[in-house]
Amino acid sequence: MTVRTRYAPSPTGFLHIGGAWMAFFNWLFARSSHGAFVLRVEDTDRARSTLEYERAILEDFRWLGITWDEGPDVGGPHGPYRQTERMHSYRAAADELLARGAAYHCFCTAGELDAERRRAEAAKRPYRYSGRCRSLTADQRAAFQREGRRPTIRLRLHDHHETIVVDDLVRGRVEFDPEHLDDYIIVRSDGSPLYNFANVVDDHAMAITHVIRGIEHLSNTPKQWVMYRALGWTPPEVAHLANILGADKKKLSKRTGDTAVRDYRREGFLPEALLNFFALMAWYPEENRELYTVQELVERFRIKDLGKASPVFDLDKLTWMNGVYMRQFLDHSPDRVVEACLPSLGEAGLLDGTPTPAQREYIGRVVEVLGERIKVGRDIVTYGDFFFTEPVVLEPDAARRYLNSPEIAALLAALRDRVAAVPSLDPPAAESLVRGLAEEKGMSAREIVHPVRVALTGKTVGPGLFELMALLGPDRAARRLAAAADHARRGGSPAS
RNA sequence: GCCCCCAUCGUCUAGGCCGGCCCAGGACACCGGUCUUUCAAGCCGGUAACGCGGGUUCGAAUCCCGCUGGGGGCACCA
């Protein structure tokens, strides 16, 4: 049997970390068993669904490297892949259910049902549909029809008395007493299908064999199982995963951090790191190891080894992991690091639009100088903004501490003259200029390095001083040293 | 209210099916030290957990029961 999995996003927003995580395991399972991964768009909620969101979600998946074999854009043998385009099959399945007597028309209005529900709540009884429309006569139906009532369609669970067993691939056998289920609505009065119905019909039509989904669906599963049976279909294998929690142990929300995949992309996280991290939130392939390539994950994945508890999204660990990948890319494909830094540069106003080849080259050199300091793309701004600003912005504390005396001013001015006198600078040249000056003045390198660093970068922390001087070049370095000398001469107070 | 799921360091987890190798291992974070012009990275070291209560057993993180805590479901939402 060929494994076929799916992820079914609703295009009502950007791709959420939780959704991407769930999709990832479905994808991983399909790939590890040489099966197919299907993307199905659940857009029956027409008020909130848009094509823009659909496109954005697809783009985020593509960026992550989660590829689909069938979907709304590429089509496939079981299409179409948007629920709004599949209304005919829901209609057909509903008719089939009606014909078999496994479903019936319900003429109760929303208001009437609401009243029923409220009564149950007031009596502290669990609400179950009363079943008033379960066995209407033709006359009664006609009467309701004449009143102008438009019926919904309900699945008949009433006759089902056996225990419903869900064999969850990660949780094992879970039993449900059918007495707690009621005849639930599968088609609205306007003829559109509800989630539990469309989902079953589509999974069957698309020959889905395995579904990995959120635990919130575990309680829905028995309802779906009854429908599969009524239709004479075989349900897929299922595995339910607990949801990702935020640092506050509550459901991941904007309050505790970014929730959209796109936010992480913008901040300069790498898809490789994200995928590796995703895996670890529910599954450790081997003991004592946390770094895996996607290929290794695909080779090792076993659905049974998935964890049952709710993982907390640990941003610190993701950041560490991203740093590991950044350092690897620094060696063999530094362009990937540059790529990850671009959005942050744009957002910080340090880069306008798409970089020219020359700008890209320069950014590449900045990345090289910043080196392993860049754990996330945005670090290029926190550590290296001065490579892109003119004049440099002095951090007040740093200037007060290191650019505060006439002696410093003289020192910086002296270095400025030496820097201005050379045609070009490479790191060794920069080093000998600085160390040479220190020696002549009888100072330690340390004493001169700090003020110079602040003069050139505005900060007390950053990349190696000589590398940074070389990249800045004699002109810019000289200008900054002169400005800083002025600043120091005034005793560290800002220019008026 | 009813039903379902879950429970090892602050966090992610290994181990639990086949009880002794676990006075619980790794990683992130944190704290020291080292390297060093700063920061980061690296290296060395450290703090830190089996939710509670009963069983079963010579022996329980591991098996059983109860409790507590957390999460989810009970829609003409998905």
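Each chain gets a letter, A, B and so on, in the order the sequences are listed, and its residues count up from 1.
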Subject >> Verdict with supporting geometry, E42(A) and S10(A), side-chain hydrogen bond (donor to acceptor under 3.5 Å, both in side chains) >> reply: CA-CA 5 Å; E42(A) 306 214 327; S10(A) 292; 5.1 Å; no
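The nucleotide whose nearest atom lies closest to any side-chain atom of R435(A) is, among rA78(B), rU37(B), rU11(B), rU37(B). Out of rA78(B), rU37(B), rC5(B), the shortest distance to the side chain of R453(A) is found at rU37(B). Looking at the side chain of V174(A), the nearest of the listed nucleotides rA41(B), rC5(B), rU13(B) is rC5(B). For N196(A), the side-chain atoms get nearest to rA78(B) when compared with the rest of rA78(B), rC12(B), rC5(B). Taking only side-chain atoms of R373(A), from C-beta outward, the nucleotide of rC2(B), rC12(B), rU38(B) with the closest atom is rU38(B). Closest approach to the E42(A) side chain among rU38(B), rA78(B), rC12(B) is made by rA78(B) (side chain taken as heavy atoms from C-beta onward).
We find that R302(A) and D305(A) are not joined by a salt bridge, their nearest charged nitrogen and carboxylate oxygen being 4.0 Å or further apart. Salt bridge R119(A)/E116(A): absent, no basic N to carboxylate O contact under 4.0 Å. Salt-bridge check for E368(A) with R365(A): failed, with every basic side-chain N at 4.0 Å or more from each acidic carboxylate O. A salt bridge between D331(A) and R327(A) is absent, with no side-chain N of the basic residue lying under 4.0 Å from a carboxylate O of the acidic one. With respect to D202(A) and R40(A), a salt bridge is recorded, a charged nitrogen being found less than 4.0 Å from a carboxylate O. The residues E447(A) and K441(A) are annotated as not salt-bridged, no charged nitrogen and carboxylate oxygen being separated by less than 4.0 angstrom.
Residue R213(A) has no polar side-chain atom (N or O) positioned under 4.0 Å from OP1 or OP2 of rA78(B). Here R119(A) does not reach the OP1 or OP2 of rG1(B): none of its side-chain N or O atoms lies under 4.0 Å away.
Separating the CG atom of L465(A) from the P atom of rU37(B) is a distance of 11 Å, rounded to the nearest angstrom. For the pair Y184(A) OH and rA75(B) C1', the computed distance is 13 Å after rounding to whole Å. R40(A) places its CZ atom 13 Å from the P atom of rA78(B), with the value rounded to the nearest Å. Atom P of nucleotide rC12(B) and atom CG of N276(A) are separated by 17 Å, given to the nearest angstrom. Atom NZ in K459(A) sits roughly 17 Å away from atom C1' in rU37(B) (whole-Å rounding). When rounded to the nearest whole Å, the span between CE of M443(A) and P of rU37(B) equals 15 Å. The distance between atom CG of L306(A) and atom P of rU13(B), rounded to the nearest whole Å, is 10 Å. If you measure from atom CG of D114(A) to atom P of rC76(B), you get 9 Å, rounded to the nearest angstrom.
Judged as a salt bridge (Lys or Arg N to Asp or Glu O under 4.0 Å), the pairs with a partner in residues 179-190 of chain A (not counting sequence neighbours) are, in order, R134(A)-D183(A).
RNA chain B is contacted by both Q83(A) and V461(A); V461(A) maps to the nucleotide lying nearer its 5′ end (nearest heavy atom per residue). Mapped onto RNA chain B by nearest heavy atom, V449(A) and A282(A) fall at different nucleotides, with A282(A) at the one closer to the 5' end.
Remark: R401(A) pairs with no residue by the salt bridge (Lys or Arg N to Asp or Glu O under 4.0 Å) rule, at least two apart or across chains. For F197(A), the ring pair (Phe, Tyr, Trp, His ring centres under 6.0 Å) test picks out no residue, with sequence neighbours left out.
A distance of about 25 Å separates the C1' atoms of rC23(B) and rC64(B), rounded to the whole Å. For the C1' atoms, the distance linking rU8(B) with rA48(B) amounts to 12 Å, nearest Å. Nucleotides rC28(B) and rG72(B) are separated by 28 Å at their C1' atoms, to the nearest Å. Only the C1' atoms considered, rG19(B) is 15 Å distant from rG55(B), to the nearest whole Å.
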Restricting to nitrogen or oxygen on both sides, can you table the protein-nucleotides 22-30 of chain B pairs closer than 3.5 Å?
| unit_1 | atom_1 | unit_2 | atom_2 | d |
| --- | --- | --- | --- | --- |
| rG26(B) | O4' | N288(A) | OD1 | 3.0 |
| rG26(B) | N2 | Y284(A) | OH | 3.1 |
| rA27(B) | O4' | E290(A) | OE1 | 3.1 |
| rA27(B) | O4' | E290(A) | OE2 | 3.2 |
| rA27(B) | N3 | K317(A) | NZ | 3.0 |
| rC28(B) | O2' | K317(A) | N | 3.2 |

Anything under 3.5 Å between a protein N or O and an N or O of nucleotides 64-73 of chain B, put it in a table, one pair a line.
| unit_1 | atom_1 | unit_2 | atom_2 | d |
| --- | --- | --- | --- | --- |
| rG72(B) | N2 | S219(A) | OG | 3.4 |

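Residues of residues 324-333 of chain A having a heavy atom closer than 4.0 Å to RNA chain B, listed by number: R327(A).
Contacts of F466(A) with the nucleic acid, taken as non-hydrogen atoms under 4.0 Å apart, include base atoms.
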